[in-house]
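Here is the structure we will look at, set down as structure tokens.
Whatever order the structure lists them in is the order used to number ligands and atoms, beginning at 1. What you see is a predicted model; the values in this text were computed from it and never measured.
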Amino acid sequence: MVDPGQLFCDEELMPIYNGGGCQPFASFSKKGGELPYLDPVVIQNLLNQTPPAVETTPVQAAVLSMLTMHKKESAQADFVCISETGSGKTYAFLLPAIETALKRIRTTEEPPTPSVLIFCHTQPLAESIYQNLNALAKDTPIKTCLIVGKTEFIKSAEFDIGVCCAGRFRNHFGGNSKRYVQIDVSKLDLLVVDELDASMKCSEDFLLYSDIRKKATCPAFFFSATFDATFSFGDIFRDDNGFMYQHGELNSLPPTVRPVFWECDRSIFPSIYLDDDGSVHAEPRTVNNVLQKCNPSDMIYHIMAGQWKNRPNTKFMVFTKKTSIADFLANKMAILRIKARAIHAKKSLEQRHKSLNAFKSGEVKVLFATTQFTRGFDADVDVVINYDIPSSLTAWIHRSGRVGRNGKKGAAITLVDVGDHDEPSKMILRKIVEKINNQIKIPSFLTTYLEQ
Ligand SMILES: Nc1ncnc2c1ncn2[C@@H]1O[C@H](COP(=O)(O)OP(=O)(O)OP(=O)(O)O)[C@@H](O)[C@H]1O
């Protein structure tokens, strides 16, 4: 058994994979290069993405070189890959998944049985992975399948790659149910688990992976942006034949994200309103270009209005813990003539898709979201605002990591309600500050607040 506490320091227990010696930014299409040969149709699909994917990111280079390893029968190794938010993990597992499925398709005439299963913890992320999969596998013979809640139960197990959430997958696996199509995993070539740390906290996910591993002899790849070294892998990881790859500092924001803290106070009455002539009355509350303490909902307005003066296309994502607050803020912004939408689990799939499309197209420039929409959400956001302090350092990293993705710079603003002395929130804030202490100068109001 791997002692999880030693995961990141002892090569004996978990060999550290160095990316197979290939360059961190290697061309996808260079034949005879360091990377394994990818199918030309898939390479074209990579080039057709916006922006076009011409070169690998470091994590993609590392994972793809594992494909070469897998060509050797003896090297069916498990792989743990921890890499910061926005570093390109999705393609990093989709490309091996697609190549693995294509290899199976080329060597058999039989109807498809699942070759690769990709699991993640939340439905919005599964949908996003599924969209990316279909974009990269376009014009290939690969049959894909989405197995998540709030969608129709699958009618056939004849597919090559499935993107799944544990809850719905259970209906199709392991039981003797005559009601639901059953999926045979014995011929699986690759199991992928994204959001590893979220799954490790959820016994339902964990048990499912464990059961799949008992029936499938294939290797498993595990991905995450954050990782808690105190969690045990149990029997889902084969530590006698496993590697780990880590890119960036563990549980940190990428250097492209600038963390910012603003002081606010909920006990100050909101002071922005519509005048009789319908114009917005919002007194600027700045001194020496610094926003002064005000109610957090006013603060959001001031931050956005200030930014749009010079950069009218800036897109904001505002995170709240509660769906009711997300709805309230979206409505308030609508009254103040700002096109905003709320997305959370209480919205229907159709409403969520509409809001996301409007945000991606730029028609809507503000999304109010709950934590469910943090992990994996990728929509070219410029500024994140943490309206409240989330429930963990990890959640803050995932929220803030919606900006600064793939090398693009962004800011993550955290509003600190200095009138609130809730100790658990303060503890989390202390952890956040400890984490970023070397990155930015911590504002004096925050130091004073945390000492109180
Ligand atoms: N090789 C590449 N070339 C250009 N763009 C890329 C490349 N790889 C990924 N991207 C883009 O970078 C963005 C971030 O990638 P991705 O969503 O896979 O990050 P991630 O590591 O999974 O982040 P998170 O941990 O937040 O889920 C996406 O918009 C993706 O399309």
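In summary, Asp197 and Arg375 engage in a salt bridge, as defined by a charged side-chain N under 4.0 Å from a carboxylate O. Taking a cutoff of 4.0 Å between a charged side-chain nitrogen and a carboxylate oxygen, Asp382 and Lys315 do not qualify as a salt bridge. Using a 4.0 Å cut-off between charged side-chain N and carboxylate O, Lys354 and Glu363 make no salt bridge. A salt bridge links Asp189 with Arg104; the closest basic N to acidic carboxylate O contact falls under 4.0 Å. Salt bridge annotation for Arg341-Asp327: absent, with no cationic side-chain nitrogen under 4.0 angstrom from a carboxylate oxygen. Ion pairing between a basic and an acidic side chain is recognised when a charged N comes within 4.0 Å of a carboxylate O; Lys408 and Asp380 show such pairing.
Distances from ligand 1 to the non-hydrogen atoms of Ser87 include at least one value under 4.0 Å. For the pair Arg402 and ligand 1, a heavy-atom separation below 4.0 Å is found. Ligand 1 lies out of reach of Gly401, whose nearest heavy atom is not under 4.0 Å from it.
Scanning the protein heavy atoms around atom 4 (C) of ligand 1, the nearest turns out to be Asn406 ND2, 3.7 Å. The protein heavy atom nearest to atom 27 (O) of ligand 1 is Gly376 CA, 3.2 Å. For atom 31 (O) of ligand 1, the nearest protein heavy atom (residue, atom name, distance) is Tyr91 OH, 3.5 Å. With respect to atom 13 (C) of ligand 1, the closest heavy atom belonging to the protein is Asp378 OD1, 3.5 Å. Nearest non-hydrogen protein atom to atom 8 (N) of ligand 1 is Gln60 NE2, 2.8 Å. From the protein, the heavy atom lying nearest to atom 1 (N) of ligand 1 is Glu55 O, 2.7 Å. Protein heavy atom in closest approach to atom 23 (O) of ligand 1: Gly86 N, 2.8 Å. Counting only heavy atoms of the protein, atom 18 (O) of ligand 1 lies nearest to Thr90 OG1, 2.7 Å.
Atoms of ligand 1 lying under 4.0 Å from any heavy atom of Phe28, numbered from 1 in the order shown and given with element: 1 (N).
Around atom NZ of Lys346, no more than 12 heavy atoms belonging to other residues, nucleotides or ligands sit under 6.0 Å away. Counted within 6.0 Å of CD on Glu434, heavy atoms from surrounding residues, nucleotides or ligands total 12 or fewer; the atom is thus considered open.
The distance criterion of under 3.5 Å between nitrogen or oxygen atoms is not met by Pro51 with respect to ligand 1. Taking any N or O of Arg405, backbone or side chain, at least one lies under 3.5 Å from an N or O belonging to ligand 1. Geometrically, ligand 1 and Thr56 share no nitrogen or oxygen pair separated by less than 3.5 Å.
Of the heavy atoms in Ala225, only side-chain atoms (C-beta onward) come closer than 4.0 Å to ligand 1. Of the heavy atoms in Lys89, both backbone and side-chain atoms come closer than 4.0 Å to ligand 1. When non-hydrogen atoms are compared, ligand 1 lies under 4.0 Å from neither the backbone nor the side chain of Phe223. With a 4.0 Å heavy-atom cut-off, ligand 1 is reached by the backbone of Glu84 but not by any atom from C-beta on.
Checked options Phe119, Phe233, Phe169; the residue passing with Tyr209 is Phe119 (criterion: ring pair (Phe, Tyr, Trp, His ring centres under 6.0 Å)).
With ring centers used as reference points, Phe153 lies under 6.0 Å from Tyr180.
Residues Asp388 and Lys321 come closest through the heavy atom pair OD2-N, 2.9 Å.
Cation-pi contact between Lys365 and Phe316: absent, since separation from the ring centre below 6.0 Å together with deviation from the ring axis within 45° is not met.
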